[in-house]
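Reckoned from all heavy atoms, side chains included, excluding hydrogens, waters and symmetry mates. What you are looking at is a predicted structure, and each value in this text was computed from that prediction instead of being measured. Order of listing sets the numbers, starting from 1, for every ligand and every atom in it.
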Amino acid sequence: MLKKNFVLTKECKHIAFIMDGNGRWAKKRGLPRHLGHKEGCKRIIEIARACQEFGVKAMTLYAFSTENWNRPQDEIDNLFNYLDDFFHDNIAEFHEKHIQIRVMGDQSRLPLHTQETLKDAINQTKEYDSLIFNICLNYGSQQEIVRAAKAIAEDYKAGKLSLDDLDKESFNDYLYSAGIPKVDLLIRTSGEQRLSNYLLYQLAYAEFIFTPTYWPDFKRDNLIDCLKEYCNRNRRFGGLENK
Ligand code: IPE
Ligand code: IPE
Ligand code: MG
């Protein structure tokens with residue numbers, strides 16, 4: 001099939017995704033929920049390729065929230081197994097394309113095999129800068145902000161930080177997203193229109209797109225449609241000028 005050409009006409013350095021709808025995708029086909037996660041993992045590498053192709057510098061993916069521990073244990077086990085497979089199957093491509101892997105969230109509660117996989121993936125790719133591939137695992141934005149506040153209090157107590165030096169940029173250095181450009185565009189699949197404890201600080205001026213497509217059906221062409229819509233938005237940042 002011929003690939004549609006697409007060129008971004010508006011700066012879009014960082015896209016955040018809420019990969020939602022895996023379970024409903026499976027249910028619609030009479031399949032167990034975990035097969036929706038399996039299919040969803042296949043879209044991750046395709047969307048990463050497309051982001052790189054379009055010149056996006058960072059992508060952040062919501063893969064497992066702090067609230068997702070409320071799911072049945074076998075769904076959780078399957079999901080982390082698929083994520084392990086994802087990294088093992090694709091690490092060569094990350095090297096080839098100079099993609100840096102980063103993780104946001106408290107990794108200490110993840111299965112040990114996943115912690116090992118992530119440690120290797122992060123170490124092996126930390127010098128790359130063509131695209132930041134940032135995956136959120138056991139991530140909750142409120143917890144991230146509280147963690148930052150505690151670290152700030154510790155640094156202040158130790159005399160490493162003066163309150164005059166604390167502003168919205170230096171606060172970001174205390175978040176998992178330190179050093180990553182601000183989010184320009186948030187895409188949530190599956191029709192839900194909520195943030196579900198995702199990037200509350202980082203999304204301050206992002207454009208939001210909610211698409212009904214389930215994540216396992218979200219392909220390069222769907223991303224192009226979202227980016228076209230994004231390019232038609234007027235980003236005013238509180239001013240009057242259209243950007
Ligand atoms: C998103 O798909 C993946 C995770 C939250 C882990 P869901 O599993 O939430 O799918 P739905 O929303 O039940 O369809
Ligand atoms: C948000 O999806 C978390 C991820 C996509 C990883 P959920 O399916 O968990 O969110 P809610 O429960 O519908 O808000
Ligand atoms: Mg969901």
Side-chain angles (χ1 to χ4, degrees), residues 14-48 51 58-87 89-90 101-111 113-115 117-118 121 132-145 147 175-177 180 183 185-203 206 208-219 222-223 226:
H14 185 176
I15 307 178
F17 296 89
I18 302 180
M19 307 186 286
D20 201 9
N22 293 352
R24 278 164 284 168
W25 181 92
K27 191 171 176 209
K28 208 172 82 182
R29 287 164 176 74
L31 300 169
R33 288 179 59 84
H34 71 86
L35 291 181
H37 299 314
K38 186 176 185 186
E39 188 66 21
C41 281
K42 294 189 195 156
R43 297 295 90 72
I44 297 178
I45 191 68
E46 295 172 15
I47 293 300
C51 283
M59 61 190 292
T60 299
L61 297 150
Y62 208 3
F64 195 85
S65 75
T66 44
E67 290 72 31
N68 287 146
W69 296 110
N70 294 324
R71 302 211 175 178
Q73 192 58 45
D74 72 315
E75 178 175 344
I76 296 174
D77 293 344
N78 274 308
L79 181 62
F80 283 110
N81 286 335
Y82 293 135
L83 283 168
D84 272 23
D85 291 347
F86 166 81
F87 283 107
D89 293 349
N90 293 295
I101 295 167
R102 288 184 52 158
V103 175
M104 304 207 341
D106 177 5
Q107 292 176 59
S108 68
R109 197 179 161 187
L110 304 183
H113 61 91
T114 305
Q115 291 187 38
T117 303
L118 293 172
I132 294 174
F133 176 94
N134 194 23
I135 187 155
C136 298
L137 293 166
N138 190 21
Y139 173 84
S141 181
Q142 291 174 323
Q143 292 86 333
E144 178 189 34
I145 291 169
R147 176 180 172 272
L175 299 172
Y176 291 119
S177 52
I180 301 180
V183 178
L185 171 62
L186 167 84
I187 298 172
R188 182 170 188 152
T189 58
S190 91
E192 307 300 349
Q193 301 190 13
R194 53 177 170 264
L195 290 180
S196 304
N197 202 11
Y198 190 47
L199 305 179
L200 301 177
Y201 192 86
Q202 296 87 342
L203 292 173
F208 287 19
I209 294 182
F210 299 101
T211 164
T213 306
Y214 294 147
W215 177 257
D217 288 327
F218 190 82
K219 300 195 172 172
N222 301 79
L223 179 63
C226 292

Worksheet item: Measuring from the heavy atoms of Lys27, does anything fall under 4.0 Å of ligand 1?
Response: no

Practice prompt. Working to the nearest 0.5 Å, report the span between CG of Asn68 and CG of Leu79.
Written response: 8.0 Å

Worksheet item: Can you tell if the side chain of Glu144 reaches within under 4.5 Å of the side chain of Tyr201, non-hydrogen atoms only?
Response: no

Response to the item:
The protein N, O or S atoms lying under 2.8 Å from the Mg ion (ligand 3) are Asp20 OD1

Item to complete: Under the side chain to side chain contact (heavy atoms under 4.5 Å, CB included) rule, what do Tyr62 and Asn197 come out as? Steps first, then yes or no, please.
Response: CA-CA 10 Å; Tyr62 208 3; Asn197 202 11; 4.2 Å; yes

Worksheet item: Does any donor atom in the side chain of His113 or Asp84 lie under 3.5 Å from an acceptor atom in the other side chain?
Response: yes

Worksheet item: Is there side-chain contact between Asn134 and Tyr176, with at least one heavy-atom pair below 4.5 Å?
Response: no

Item to complete: Could you tell me whether the side chain of Ile180 reaches within less than 4.5 Å of the side chain of Arg102, counting heavy atoms only?
Response: yes

Worksheet item: Should the pair Phe218 and Trp215 be assigned to parallel (<30°), tilted (30 to 60°) or perpendicular (>60°) ring geometry?
Response: parallel

Fill in: His34 and Tyr82 aromatic ring geometry - parallel, tilted or perpendicular at 30°/60° bounds
parallel

Discussion item. Just so I know, are the side chains of Asn222 and Thr189 near enough to count as touching, which here means a heavy-atom distance under 4.5 Å?
Written reply: no

Worksheet entry | Test item: Asp106 and Gln143 side chains (from C-beta on) under 4.5 Å apart, heavy atoms | no

Are there any N/O pairs under 3.5 Å between ligand 2 and the protein, and if so, what are their distances?
residue, atom, partner, partner atom, Å
ligand 2, 8 (O), Asp20, OD1, 3.3
ligand 2, 8 (O), Arg71, NH2, 3.3
ligand 2, 9 (O), Asn68, ND2, 2.9
ligand 2, 9 (O), Arg71, NH2, 3.4
ligand 2, 10 (O), Arg188, NH2, 3.3
ligand 2, 10 (O), Ser196, OG, 3.4
ligand 2, 13 (O), Arg194, NH2, 2.8
ligand 2, 14 (O), Arg194, NE, 2.8
ligand 2, 14 (O), Ser196, OG, 2.6

